[in-house]
Novice: 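What follows is a single structure, and I will ask about it in a moment.
Everything numeric in this text was worked out from a predicted model, so none of it was measured. Values reported hereafter were calculated over all heavy atoms of this structure, with side chains retained and with hydrogens, waters and symmetry mates removed. The sequence lines fix the lettering, A, B, ..., with proteins before strands; numbering per chain opens at 1.
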Amino acid sequence: MLDPKLVRSELQSVAEKLQRRNHELDVKAISQLEEKRKEVQIRTQNLQNDRNTRSRSIGKAKAAGEDIQPLLDEVASLGESLTQAESELHDLQQKLNSIYMGIPNILHDSVPDGRDEVDNVEIRQWGEIPSFDFEPMDHVDLGEGKGFMNSEIAAKITGSRFMFLSGPLARLHRSLTQFMLDFHTSEHGYEEVYVPYLVNTDSLHGTGQLPKFADDLFALKGEHEYFLIPTAEVPVTNIVRDEIIDADKLPLKYTAHTPCFRSEAGSYGKDTRGLIRQHQFEKVELVQLVKAENSYQALEELTSHAEKVLQKLELAYRVVALCAGDVGFSSAKTYDLEVWLPGQAKYREISSCSNFEAFQARRLQARWRNPDTGKPELLHTVNGSGLAVGRTLVAIMENYQDKDGNIHIPDVLQSYMGGLTVI
RNA sequence: GGAGGGCUGGCUGAGCGGUUGAAAGCACUGGUCUUGAAAACCAGCGUGGGUUUGUAGCCCACCGUGAGUUCGAAUCUCACGCCCUCCGCCA
């Protein structure tokens with residue numbers, strides 16, 4: 001959520017900034033509601049003040065043994081207008097709040113203009129695109145060819161967009177998560193956390209998935225209103241919801257491995273083949289909670305931490321700055337890491353690293369105490385995948401294949417594979 | 001599933017329906033003392049919101065959440081949520 005004070009005091013300029021991401025702010029409705037809110041709020045608070053004053057004097061009179069009946073008569077008429085004003089104010093605040101909850105974050109100045117992914121800007125490349133003296137297969141042909149990947153079994157067990165892996169490929173998948181967690185905890189200073197995979201609605205509001213994106217989530221039936229997490233960002237970032245963190249504890253850096261569940265509503269024809277777009281996938285997430293002045297540096301660092309995983313795996317990739325039209329709702333700036341997939345002969349997203357500035361923190365009431373002022377200030381939240389495990393598996397399969405359809409194991413993973421070098 | 005207990009400020013923990021935004025302690029900040037430090041002593045110290053050019057002042061709200069009773073609720077009533085203990089079941 002944006003700062004409501006900012007929205008109403010600089011409504012026009014906020015609206016202009018949001019136009020960059022094709023969000024039309026209903027300036028007229030907001031200013032009218034705010035005007036009304038101001039009037040009603042002042043009226044309500046004056047009435048409350050009046051009531052409090054009178055009630056106090058009744059208390060005093062009673063204590064002094066005076067007759068309070070005249071005072072009671074005086075206050076009798078107050079109640080109704082106060083109740084009405086309070087409920088009017090409540091309604092207005094709810095309306096405004098639901099509008100504010102639906103406004104996306106303001107983009108950082110460095111975000112390039114553009115409508116959609118076509119306009120994203122490549123920042124840098126790493127590694128060499130491998131060349132093959134044979135026609136490289138995609139991961140599905142490789143996996144199915146070996147008998148280690150079977151979408152029909154998954155479809156029988158559940159339905160479409162799920163995958164069944166077996167044998168050394170299932171182990172390779174597991175090895176990847178182990179490697180990533182070990183790497184980030186030992187080399188990059190993240191604390192490993194284990195978190196719930198079901199979350200409540202407060203948590204989802206906090207990180208911005210609700211109220212706008214309920215369709216993307218799997219909801220549980222039953223006595224609790226719980227949802228399957230679409231990303232570890234939700235449980236991990238919510239660690240600091242309603243907390244005030246000591247300055248000397250910052251930055252907080254967490255990493256977690258979780259499964260992620262996305263309904264992928266509205267992507268019906270897209271990436272139906274293989275592991276690219278599934279309802280269930282694994283991810284190792286990186287989350288940093290930092291002071292405002294450090295968040296852009298943190299974004300660069302966190303992005304580089306994700307990149308290092310690709311470098312260790314010797315996979316060619318590029319870093320792309322998402323353009324204004326492609327940056328997600330809660331983010332102020334996002335870098336995507338795109339890995340080269342020989343099976344598709346193109347770069348595909350394997351990580352997304354974002355700075356949310358105070359957008360999530362404001363919803364979360366996640367703050368730190370500034371020792372200079374003694375006052376709480378909103379944290380900035382920064383997160384990214386480090387990396388998406390399923391897509392990393394795809395990248396390894398396709399980049400490390402040979403002409404016989406074998407998959408060679410990257411050096412850094414061999415110890416996790418019990419010394420296996422090829423599958 | 002059954003039976004109890006509890007949710008108060010950064011933390012611990014008091015709180016007869018009437019200046020209680022809330023005692024006390026801890027922590028923190030400033031000061032006195034000291035060569036310095038510690039201790040001791042003194043003072044300050046909640047969060048959110050409104051108004052406003054204003055981190056000044058004034059005002060409002062907040063004691064798990066939401067309703068209710070009342071002139072007045074942290075204190076009474078109801079519902080819900082969460083936590084804890086015991087029993088049962090169980091990976």
Side-chain angles (χ1 to χ4, degrees), chain A residues 1-11 13 30-31 33-101 194 196-206 210 220 222-227 235 238-250 252 289 292 358 361-379:
Chain A
M1 185 160 81
L2 296 175
D3 183 357
K5 282 182 205 158
L6 179 78
V7 175
R8 60 173 172 262
S9 67
E10 292 172 44
L11 190 52
S13 96
I30 291 173
S31 63
L33 276 168
E34 278 290 0
E35 204 176 314
K36 186 78 178 156
R37 187 225 90 235
K38 182 168 165 177
E39 185 260 307
V40 175
Q41 183 159 2
I42 290 171
R43 179 152 49 87
T44 304
Q45 293 185 350
N46 284 340
L47 285 166
Q48 287 170 329
N49 184 232
D50 198 17
R51 178 206 56 196
N52 292 345
T53 312
R54 287 165 191 270
S55 293
R56 229 171 284 140
S57 63
I58 290 173
K60 275 185 196 157
K62 204 175 172 188
E66 295 166 18
D67 179 17
I68 59 168
Q69 194 53 47
L71 292 167
L72 288 179
D73 295 340
E74 241 177 83
V75 87
S77 60
L78 243 171
E80 202 177 319
S81 49
L82 178 58
T83 310
Q84 200 209 323
E86 278 175 341
S87 84
E88 198 179 340
L89 179 63
H90 185 74
D91 286 352
L92 282 165
Q93 281 173 331
Q94 293 239 299
K95 269 183 199 152
L96 277 164
N97 190 50
S98 74
I99 289 174
Y100 288 146
M101 288 295 268
Y194 170 81
Y197 304 152
L198 301 179
V199 291
N200 58 34
T201 56
D202 284 345
S203 292
L204 288 161
H205 277 100
L210 290 179
L220 258 63
E223 59 174 323
H224 295 291
E225 194 177 9
Y226 291 160
F227 294 81
N238 273 278
I239 292 170
V240 294
R241 171 150 54 88
D242 296 322
E243 298 289 341
I244 300 175
I245 309 295
D246 289 338
D248 59 12
K249 298 270 192 340
L250 298 176
L252 291 172
L289 306 156
R362 188 170 291 108
R363 293 168 168 235
L364 293 160
Q365 281 300 298
R367 296 157 296 167
W368 64 286
R369 192 174 296 281
N370 186 336
D372 296 334
T373 61
K375 295 291 172 195
E377 295 179 19
L378 292 170
L379 289 164

Novice: Got a donor-acceptor contact below 3.5 angstrom from the A:H90 side chain to the A:E86 backbone?
Specialist: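 Such a contact is absent between A:H90 side chain and A:E86 backbone.
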Novice: Rounded to whole angstrom units, what separation is found between the CG atom of A:L378 and the C1' atom of B:U47?
Specialist: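 A:L378 atom CG is separated from B:U47 atom C1' by 13 Å.
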Novice: Using a heavy-atom distance cut-off of less than 4.0 Å, which residues of residues 33-40 of chain A contact RNA chain B?
Specialist: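 Of all residues in residues 33-40 of chain A, the ones placing a heavy atom under 4.0 Å from RNA chain B are A:R37, A:K38.
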Novice: Which whole-number value in Å describes the distance from A:E225 CD to B:C82 P?
Specialist: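 Result: 12 Å.
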Novice: If each of A:Y226 and A:E223 is mapped to the nucleotide of RNA chain B with the nearest heavy atom, which maps nearer the 5' terminus, i.e. the 5' end?
Specialist: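 Per heavy-atom nearest nucleotide, the more 5' residue is A:E223.
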Novice: Looking only at heavy atoms, what is the nearest atom pair of A:A361 and A:L379, with distance?
Specialist: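 Smallest heavy-atom distance, with atoms named: CB-O, 3.1 Å.
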Novice: Can you sort out the partners of A:Y226 under ring pair (Phe, Tyr, Trp, His ring centres under 6.0 Å), two or more places apart, ordered by chain and number?
Specialist: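 So A:Y226 forms a ring pair (Phe, Tyr, Trp, His ring centres under 6.0 Å) with A:H224.
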Novice: Could you tell me which non-hydrogen atom of A:V40 sits nearest to which non-hydrogen atom of A:A85, and how far apart they are?
Specialist: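 The pair with the smallest heavy-atom distance is CG1-O, 3.8 Å.
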Novice: What side chain to side chain donor-acceptor pair (under 3.5 Å) pairs are there with at least one residue in residues 369-378 of chain A, not counting sequence neighbours?
Specialist: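 Sorted result for residues 369-378 of chain A: A:N370-A:E377.
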Novice: Pick base, sugar-phosphate or nothing for A:R367, based on heavy-atom distances below 4.0 Å to the nucleic acid.
Specialist: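 Sugar-phosphate: the residue A:R367, judged by heavy atoms under 4.0 Å, touches backbone atoms but no base.
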Novice: I'd like to know whether A:N200 forms a side-chain hydrogen bond (donor to acceptor under 3.5 Å, both in side chains) with A:S203, so could you lay out the CA-CA distance, the side-chain angles of the two residues, the decisive distance to 0.1 Å, and finally the verdict.
Specialist: CA-CA 6 Å; A:N200 58 34; A:S203 292; 3.2 Å; yes
Novice: Summarise how protein sits on nucleotides 65-80 of chain B as a single string, 5' to 3': B when a protein heavy atom is under 4.0 Å from the base, S for sugar-phosphate-only contact, - for no contact.
Specialist: ------BS--------
Novice: Not counting sequence neighbours, which residues clear salt bridge (Lys or Arg N to Asp or Glu O under 4.0 Å) with A:D50? List them please.
Specialist: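 For A:D50 the salt bridge (Lys or Arg N to Asp or Glu O under 4.0 Å) partners, ignoring immediate neighbours, are A:R54.
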Novice: By the 4.0 Å heavy-atom rule, please label A:K249 as base, sugar-phosphate, or nothing.
Specialist: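 Here A:K249 touches no strand at all.
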Novice: Using whole Å, report how far CG of A:D242 lies from P of B:C62.
Specialist: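 Going from A:D242 (CG) to B:C62 (P), I get 18 Å.
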Novice: Using every non-hydrogen atom in the two residues, find where A:T44 and A:L82 come nearest and quote the distance to one decimal.
Specialist: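 Here A:T44 and A:L82 meet closest at O-CD1, 3.9 Å.
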Novice: Would you mind telling me which of B:C60, B:U51, B:G49 lies closest to the side-chain atoms of A:K5?
Specialist: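 So the nucleotide nearest the side chain must be B:G49.
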Novice: By side-chain hydrogen bond (donor to acceptor under 3.5 Å, both in side chains), which residues pair with A:Q45, not counting sequence neighbours?
Specialist: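 Scan of A:Q45 (side-chain hydrogen bond (donor to acceptor under 3.5 Å, both in side chains), adjacent residues dropped) gives none.
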Novice: Suppose we screen for side-chain hydrogen bond (donor to acceptor under 3.5 Å, both in side chains). Which residues come up paired with A:R43, at least two apart in sequence or across chains?
Specialist: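 Checked A:R43 against side-chain hydrogen bond (donor to acceptor under 3.5 Å, both in side chains); matches are A:E39.
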Novice: For B:G81, does either OP1 or OP2 sit under 4.0 Å from a side-chain N or O belonging to A:H224?
Specialist: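 A:H224 to B:G81 OP1/OP2: no side-chain N or O under 4.0 Å.
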Novice: Applying a 4.0 Å non-hydrogen cut-off, can you work out what A:P376 is touching in the nucleic acid: base, sugar-phosphate, or nothing?
Specialist: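 Contact class for A:P376: sugar-phosphate only.
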Novice: What stems involve RNA chain B, if each pair must be Watson-Crick or G-U and both of its distances must be under 3.5 Å, with 3 or more such pairs in a row?
Specialist: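 Only these stems qualify: B:1-7 with B:81-87, B:10-12 with B:24-26, B:28-32 with B:40-44, B:46-51 with B:57-62, B:64-68 with B:76-80.
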Novice: Hey, what are the protein-to-nucleotides 7-11 of chain B N/O distances that come in under 3.5 Å?
Specialist:
none

Novice: Going by the rule salt bridge (Lys or Arg N to Asp or Glu O under 4.0 Å), which residues pair with A:K5 if we only count those two or more places apart in sequence or in a different chain?
Specialist: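 Listed in chain order: nothing, the list is empty.
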Novice: Determine the Euclidean distance between corresponding C1' atoms of B:U77 and B:G57; express it in Å to zero decimal places.
Specialist: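 It works out to 40 Å between them.
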Novice: Hey, is the main chain of A:M101 close enough, under 3.5 Å, to the side chain of A:R363 for a donor-acceptor pair?
Specialist: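 Yes: the side chain of A:R363 pairs with the backbone of A:M101.
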Novice: Taking OP1 and OP2 of B:C59, is either one under 4.0 Å from a side-chain nitrogen or oxygen of A:N49?
Specialist: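 Checking A:N49 against B:C59: no side-chain N or O falls below 4.0 Å of OP1 or OP2.
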Novice: Count the heavy atoms belonging to other residues, nucleotides or ligands that lie under 6.0 Å from CD of A:Q93, then report whether that count exceeds 12.
Specialist: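 Yes, CD of A:Q93 has more than 12 neighbouring heavy atoms, counting only those of other groups under 6.0 Å.
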Novice: Could you give the distance separating B:C59 and B:A43 at their P atoms, to the nearest angstrom?
Specialist: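 Result for the P pair: 25 Å, nearest Å.
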Novice: Could you list the residues that satisfy side-chain hydrogen bond (donor to acceptor under 3.5 Å, both in side chains) with A:Q41, not counting sequence neighbours?
Specialist: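 By the side-chain hydrogen bond (donor to acceptor under 3.5 Å, both in side chains) rule, A:Q41 matches A:R37.
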Novice: Using the C1' atom as the point on both nucleotides, what is the distance between B:G15 and B:U75, in whole Å?
Specialist: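 One C1' to the other, the span is 8 Å.
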Novice: Quote, to the nearest angstrom, the C1' distance that separates B:A14 from B:G9.
Specialist: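 It works out to 13 Å between them.
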Novice: Starting at atom CD of A:Q45, determine the distance to atom C1' of B:G49, rounded to an integer number of angstrom.
Specialist: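 In whole Å, B:G49 C1' lies 7 Å from A:Q45 CD.
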Novice: Tell me which pairs pass side chain to side chain donor-acceptor pair (under 3.5 Å) where either residue lies in residues 58-72 of chain A, with sequence neighbours left out.
Specialist: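 For residues 58-72 of chain A, and leaving out neighbouring residues, the side chain to side chain donor-acceptor pair (under 3.5 Å) pairs sorted by first residue read A:Q69-A:D73.
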